[in-house]
Protein chains: 2
Amino acid sequence: MSATASDIALAVSTVIFALRPDDQGGDESPAPGVWLPLVRRIREPHLGRWALPGGSVVVDESLEAAARRTLAETTQLEPTYLEQLYAFGDVDRSPDRRMVSIVYWALVRPDEAEKVSLGENVRWFAADDLPELAFDHNLIVDYALWRLRTKMEYSRIAHAFLGPMFTLAELRSVHEAVLQRPLDPANFRRQMESSGAIVPTDQVVTGGRHRPPRLYRYNSDIELVDVGPLTLRRSS
Amino acid sequence: MSATASDIALAVSTVIFALRPDDQGGDESPAPGVWLPLVRRIREPHLGRWALPGGSVVVDESLEAAARRTLAETTQLEPTYLEQLYAFGDVDRSPDRRMVSIVYWALVRPDEAEKVSLGENVRWFAADDLPELAFDHNLIVDYALWRLRTKMEYSRIAHAFLGPMFTLAELRSVHEAVLQRPLDPANFRRQMESSGAIVPTDQVVTGGRHRPPRLYRYNSDIELVDVGPLTLRRSS
């Protein structure tokens with residue numbers, strides 16, 4: 001690890017995933033899906049194309065701090081769940097100079113997603129129906145979707161979309177939105193309960209229904225397959 | 001993702017994990033464990049300390065190409081299994097300048113591990129008994145060990161240590177070495193067979209034993225939780 005000057009620019013980009021019931025634009029697609037906000041580029045290269053929010057890393061900020069700063073600057077979002085996803089560094093991924101992007105992903109609850117500051121240059125897109133994006137950002141979103149789908153099978157990642165307590169129907173709708181297919185309610189309940197990943201609380205959904213659904217939480221006795229030894233360093 | 005000059009140096013480092021039956025130095029530790037080769041630094045900063053093999057990224061090579069080049073230069077290793085692990089970018093991780101390291105990991109079979117070119121400045125160490133390393137490399141190894149242990153529970157990662165066919169006893173010894181605890185053979189066999197992750201072949205271990213053990217392979221019908229959409233880009 002020698003300390004030479006670098007001809008390589010270092011940037012961060014963030015894939016923000018939220019589940020949304022429809023495209024809020026009048027289209028008839030009632031099934032929830034995975035959506036992400038994109039930012040229209042206002043300079044070259046790729047002027048006018050949509051891109052992931054991001055920007056250069058400043059010399060005195062950590063990678064996560066750079067991701068948080070650029071997210072706040074472009075979308076006003078301060079996500080609870082923000083994790084490093086992958087470093088993209090192909091030689092030709094930017095047309096004007098060598099650029100390595102450390103990509104983070106944020107999984108946000110509906111109340112967080114509402115805080116995204118929309119405008120002419122910030123808009124939500126359905127993750128599996130994107131236009132041609134700037135740089136290799138289509139590849140990055142595809143990779144993030146694939147990680148989301150595989151990771152949901154062995155970790156508590158759906159948690160990030162839901163908050164601390166949820167009904168089985170809410171958890172199933174997250175899985176359905178991410179996997180893009182309907183799941184049988186009885187099979188889903190059996191799988192979840194036998195996995196030990198979730199435990200029933202003594203609380204139910206309030207609101208005076210005849211058989212109010214029970215609220216569940218994730219089982220914190222099972223180790224999260226997420227951050228491990230880096231947990232204590234995440235604020236750096 | 002703006003294109004500005006960078007004050008941040010970009011490096012790659014690689015954690016090479018192999019399973020070894022003992023420390024080959026005469027110590028009495030017959031149980032296999034996880035070992036890695038380290039390289040002694042021959043310049044400042046941290047002159048004389050042991051470090052992960054690595055080096056700066058050249059402007060016209062991809063991140064993986066940089067990892068492969070620096071591995072070949074320091075250890076002569078050309079690993080089959082080489083994956084990006086995590087980008088380490090804390091502000092203070094190098095004493096003289098800002099340095100971001102994209103860390104790869106290589107999981108190598110015994111025949112590959114034998115090709116590591118040892119010498120005064122390249123030596124194998126037990127992964128859970130390291131001296132104080134250069135930079136944040138102790139943290140990096142801890143993180144890699146944690147990922148290895150968690151990932152083995154949901155992917156075919158043990159495969160990388162074994163080659164295409166293996167006995168149940170060999171597979172169990174990999175799990176025991178990584179998890180650092182003995183596993184009950186009958187339970188292990190039941191878990192593996194019921195998981196569907198491995199399938200018996202019609203071959204047995206040759207060599208004239210009375211009840212030669214059957215060889216297994218991983219079930220390629222189950223999708224690997226490893227690279228996903230990046231598979232086709234790995235050679236870039």
Side-chain angles (χ1 to χ4, degrees), chain A residues 1-13 41 43-45 51-52 54-66 84 86-92 94 96-102 134-135 137 139 142-143 145-147 149-151 153-155 223 225 228-230 233 236, chain B residues 1-13 41 43-45 51-52 54-66 84 86-92 94 96-102 134-135 137 139 142-143 145-147 149-151 153-155 223 225 228-230 233 236:
Chain A
M1 203 162 81
S2 66
T4 58
S6 178
D7 299 315
I8 303 174
L10 192 68
V12 289
S13 296
R41 286 187 58 81
R43 63 173 80 106
E44 294 289 354
L52 297 169
S56 295
V57 180
V58 175
V59 72
D60 62 354
E61 68 184 350
S62 71
L63 301 175
E64 182 175 327
Q84 191 184 297
Y86 202 80
F88 288 78
D90 278 0
V91 171
D92 58 356
S94 176
D96 57 351
R97 72 164 300 186
R98 179 69 189 279
M99 172 85 67
V100 170
S101 276
I102 315 294
F135 307 105
H137 290 190
L139 174 71
D142 284 348
Y143 178 74
L145 274 175
W146 172 79
R147 276 280 287 269
R149 284 168 183 152
T150 55
K151 199 169 180 181
E153 293 175 11
Y154 62 82
S155 81
E223 198 187 353
V225 182
L230 301 182
R233 318 251 314 186
S236 65
Chain B
M1 204 161 82
S2 66
T4 57
S6 180
D7 299 316
I8 304 174
L10 192 68
V12 289
S13 296
R41 286 187 57 81
R43 62 173 82 105
E44 295 289 355
L52 298 169
S56 296
V57 180
V58 175
V59 72
D60 61 354
E61 68 184 349
S62 70
L63 301 174
E64 182 176 325
Q84 191 183 299
Y86 201 80
F88 287 78
D90 278 0
V91 171
D92 58 355
S94 176
D96 56 352
R97 70 165 301 188
R98 179 69 189 280
M99 173 85 67
V100 170
S101 275
I102 315 294
F135 308 105
H137 289 190
L139 174 71
D142 284 348
Y143 177 74
L145 275 174
W146 172 81
R147 276 279 288 270
R149 284 166 184 154
T150 56
K151 198 169 181 181
E153 294 175 10
Y154 62 82
S155 81
E223 197 187 354
V225 183
L230 301 182
R233 320 251 313 186
S236 64

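A, B, ... follow the sequence lines: proteins, then strands. Residue 1 opens every chain.
Residues satisfying the side chain to side chain contact (heavy atoms under 4.5 Å, CB included) criterion with A/Ala51, sequence neighbours excluded, are A/Arg41, A/Ala134, A/His137. Residues passing the side chain to side chain contact (heavy atoms under 4.5 Å, CB included) test with B/Val58, sequence neighbours excluded: B/Asp60, B/Glu61, B/Arg69.
No option in B/Val57, B/Leu10, B/Val59 other than B/Val59 meets the side-chain contact (heavy atoms from CB on, under 4.5 Å) test with A/Asp7.
Atom CZ of B/Phe88 sits about 11.5 Å away from atom CD1 of A/Ile102, to the nearest 0.5 Å.
Residues A/Ser62 and B/Asp90 come closest through the heavy atom pair CB-OD1, 4.5 Å.
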